[in-house]
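Just below is one structure, and these are the notes that go with it.
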There are 2 protein chains.
Amino acid sequence: MSLIEEKCKEKGVRLTDQRKVIAKVLSESKEIYGSKDHPDVDELHKRVTVIDDKISIATVYRTVKLFEEAGILIKHDFKAGKARYEISDNHNHLIDINSGEIVEFVDKDIENLQKKIAQKLGYNLVDHKLELYGSKIKK
Amino acid sequence: MSLIEEKCKEKGVRLTDQRKVIAKVLSESKEIYGSKDHPDVDELHKRVTVIDDKISIATVYRTVKLFEEAGILIKHDFKAGKARYEISDNHNHLIDINSGEIVEFVDKDIENLQKKIAQKLGYNLVDHKLELYGSKIKK
DNA sequence: TTATTTGCAAACGGTTTGCCGATTA
DNA sequence: TAATCGGCAAACCGTTTGCAAATAA
């Protein structure tokens, strides 16, 4: 049973054949496609139809939204137009402005600083989005 | 002459009547609508047509893209679907998850930390996007 | 004059939705 | 069985674009 399938059970999300396939593809996405994998709905649909070619893209849309609302996935809009998804986890992204490659990172210092800033402005920090855009240093 | 109109001159952007009106509305947007003003194209079009009701929304789209490419405006996709614009300036945003209100802030510490992180990952920091999401602390 | 810009309406692309038969718990 | 879900195709909505007339330099 895939990671996401388990989370569905936890949260009482009904599991259908289609959802199981989508959950499986998402759960395996990083392992198979590497760390910079943030598939959009179209890409997801392509991968899913390899397993079951009856699954419609409407179902992928509905499922991905469902998973997002359940806190299982997070949705990114790195560039408007196409949303991209990955399993929920609080890391940040560095985007290579030349190749489009995405590097993930976490940094406790930044996280603490953010909390402090929000407090200073009179808010409790609930969530954050940090994207760095950079170009590779050649050596 | 509005702030943006001046920048257009600098960058050699041809100034038409329509662009002057749009530049004016954008330049005045913060003063009139307050610090949380990040109008979308539709809102911009509404404000612009008060001055000249012949200006089409296609022109607003084209102009806003032009200004963005000239580095005069920045485009935000706080939530996908509708882009929002403001005069270019490197501050960050804190978004009230309850009211949608947007608070702007700058923080040198965070900026330095970001630069350091990018370096550590082998990149030169070119740009960044930081959005905090929080809920107001009641007192 | 000549390259550029505008308004209009149609096209576009990602996403959502109504309908209704199929499936899950 | 009752509630929910999935497939299909049409609708939706923000944005872009081709065209011919208008305009800036």
Side-chain angles (χ1 to χ4, degrees), chain A residues 1 4-26 38-49 51-70 72-85, chain B residues 1 4-25 38-70 72-85:
Chain A
M1 187 161 65
I4 293 178
E5 227 177 295
E6 269 165 39
K7 291 205 181 181
C8 286
K9 285 250 163 95
E10 267 174 45
K11 319 227 173 189
V13 170
R14 186 183 264 187
L15 273 169
T16 65
D17 288 345
Q18 293 90 328
R19 289 181 187 173
K20 281 180 200 161
V21 174
I22 295 167
K24 180 169 188 287
V25 166
L26 281 164
H38 299 75
D40 58 41
V41 171
D42 222 66
E43 172 63 26
L44 229 35
H45 183 233
K46 263 186 212 132
R47 296 183 192 172
V48 149
T49 47
I51 302 176
D52 176 353
D53 67 352
K54 298 274 172 315
I55 297 178
S56 76
I57 197 155
T59 297
V60 179
Y61 272 108
R62 283 192 271 233
T63 303
V64 125
K65 179 184 261 178
L66 184 75
F67 287 174
E68 195 204 352
E69 283 163 358
I72 296 170
L73 293 181
I74 38 168
K75 180 181 183 179
H76 296 290
D77 296 286
F78 293 133
K79 54 168 70 181
K82 261 182 173 177
R84 307 176 70 186
Y85 293 84
Chain B
M1 185 161 68
I4 292 177
E5 225 177 296
E6 270 166 39
K7 292 206 182 181
C8 286
K9 286 250 163 94
E10 266 175 48
K11 320 226 173 190
V13 171
R14 187 182 265 187
L15 273 169
T16 65
D17 289 347
Q18 293 88 331
R19 289 182 187 170
K20 281 180 199 160
V21 174
I22 295 168
K24 180 170 189 288
V25 166
H38 299 76
D40 58 41
V41 171
D42 223 66
E43 173 62 25
L44 229 36
H45 184 233
K46 264 186 211 131
R47 295 182 193 172
V48 148
T49 47
V50 172
I51 302 177
D52 176 353
D53 67 352
K54 298 274 171 313
I55 297 177
S56 76
I57 197 154
T59 296
V60 179
Y61 271 108
R62 284 193 270 231
T63 302
V64 124
K65 179 184 262 179
L66 183 76
F67 287 175
E68 195 203 354
E69 282 163 357
I72 296 169
L73 293 182
I74 40 170
K75 180 180 182 179
H76 296 290
D77 297 285
F78 294 132
K79 52 168 72 181
K82 261 182 174 175
R84 307 175 71 185
Y85 293 84

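Below, read A as the first sequence line, B as the second, and so on, with proteins coming before strands; counting in each chain starts at 1.
Regarding B:H45, its NE2 atom lies at a distance of 15 Å from the P atom of D:dT16, rounded to whole Å. The distance from atom CD1 of A:I55 to atom C1' of D:dG7 is 11 Å, rounded to the nearest whole Å. Protein atom CZ of A:R84 is 13 Å distant from nucleotide atom P of C:dG14, rounded to whole Å. Distance B:K20 NZ to C:dT6 P: 12 Å, rounded to the nearest Å. Per the geometry, CD belonging to A:E69 stands 14 Å off C1' belonging to C:dT15, to the nearest Å. With rounding to whole Å, A:L44 atom CG is found 11 Å from C:dT15 atom P. Following rounding to the nearest Å, B:I22 (CD1) and C:dT5 (P) show an atom-to-atom distance of 13 Å. For A:K54 and D:dC8, the NZ to C1' distance is 14 Å, given to the nearest whole Å.
In this structure the side chain of A:I22 never reaches within 4.5 angstrom of the side chain of A:K20, judged on heavy atoms. For the pair B:H38/B:H76, a side-chain contact is recorded, criterion being any heavy-atom separation below 4.5 Å from C-beta on. Between A:K9 and A:L15 the shortest side-chain heavy-atom distance falls below 4.5 Å. Contact check for A:T63 versus A:Q18: no side-chain heavy atoms found under the 4.5 Å cut-off. Considering only heavy atoms from C-beta on, B:K75 comes within 4.5 Å of B:D77 through its side chain.
Without hydrogens or angle criteria, B:H45 side chain to B:T59 main chain gives no donor-acceptor distance under 3.5 Å.
Between B:V21 and B:V48 the shortest heavy-atom distance is CG1-O, 4.0 Å. Across B:C8 and B:F67, no two heavy atoms sit closer than the pair SG-CE2, 3.5 Å. Smallest separation of non-hydrogen atoms from A:I55 and A:T49: O-CG2, 3.7 Å.
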Close N or O pairs between protein and nucleotides 2-4 of chain D (under 3.5 Å):
residue	atom	partner	partner atom	Å
D:dT4	O4'	A:R14	NH1	3.0

Polar-atom pairs under 3.5 Å, protein N or O versus N or O of nucleotides 11-13 of chain D: list them with distances, or write none.
none

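A salt bridge links B:R47 and B:E43; the closest N-O separation between the charged side-chain nitrogens and carboxylate oxygens is under 4.0 Å. Taking 4.0 Å as the cut-off between side-chain N and carboxylate O, A:D40 and A:R84 do not count as a salt-bridged pair.
Of the candidate nucleotides C:dT15, D:dA25, C:dT6, D:dA25 has the atom nearest to the side chain of B:L15.
Within residues 57-65 of chain A, the residues having any heavy atom closer than 4.0 Å to DNA chain C are, in order of number, A:A58, A:Y61, A:R62, A:K65.
Within the structure, every side-chain polar atom (N or O) of A:Q18 is placed at least 4.0 Å from both OP1 and OP2 of C:dA22.
If you find the closest nucleotide of DNA chain D to B:D17 and to B:D40, the one lying nearer the 5' end belongs to B:D40.
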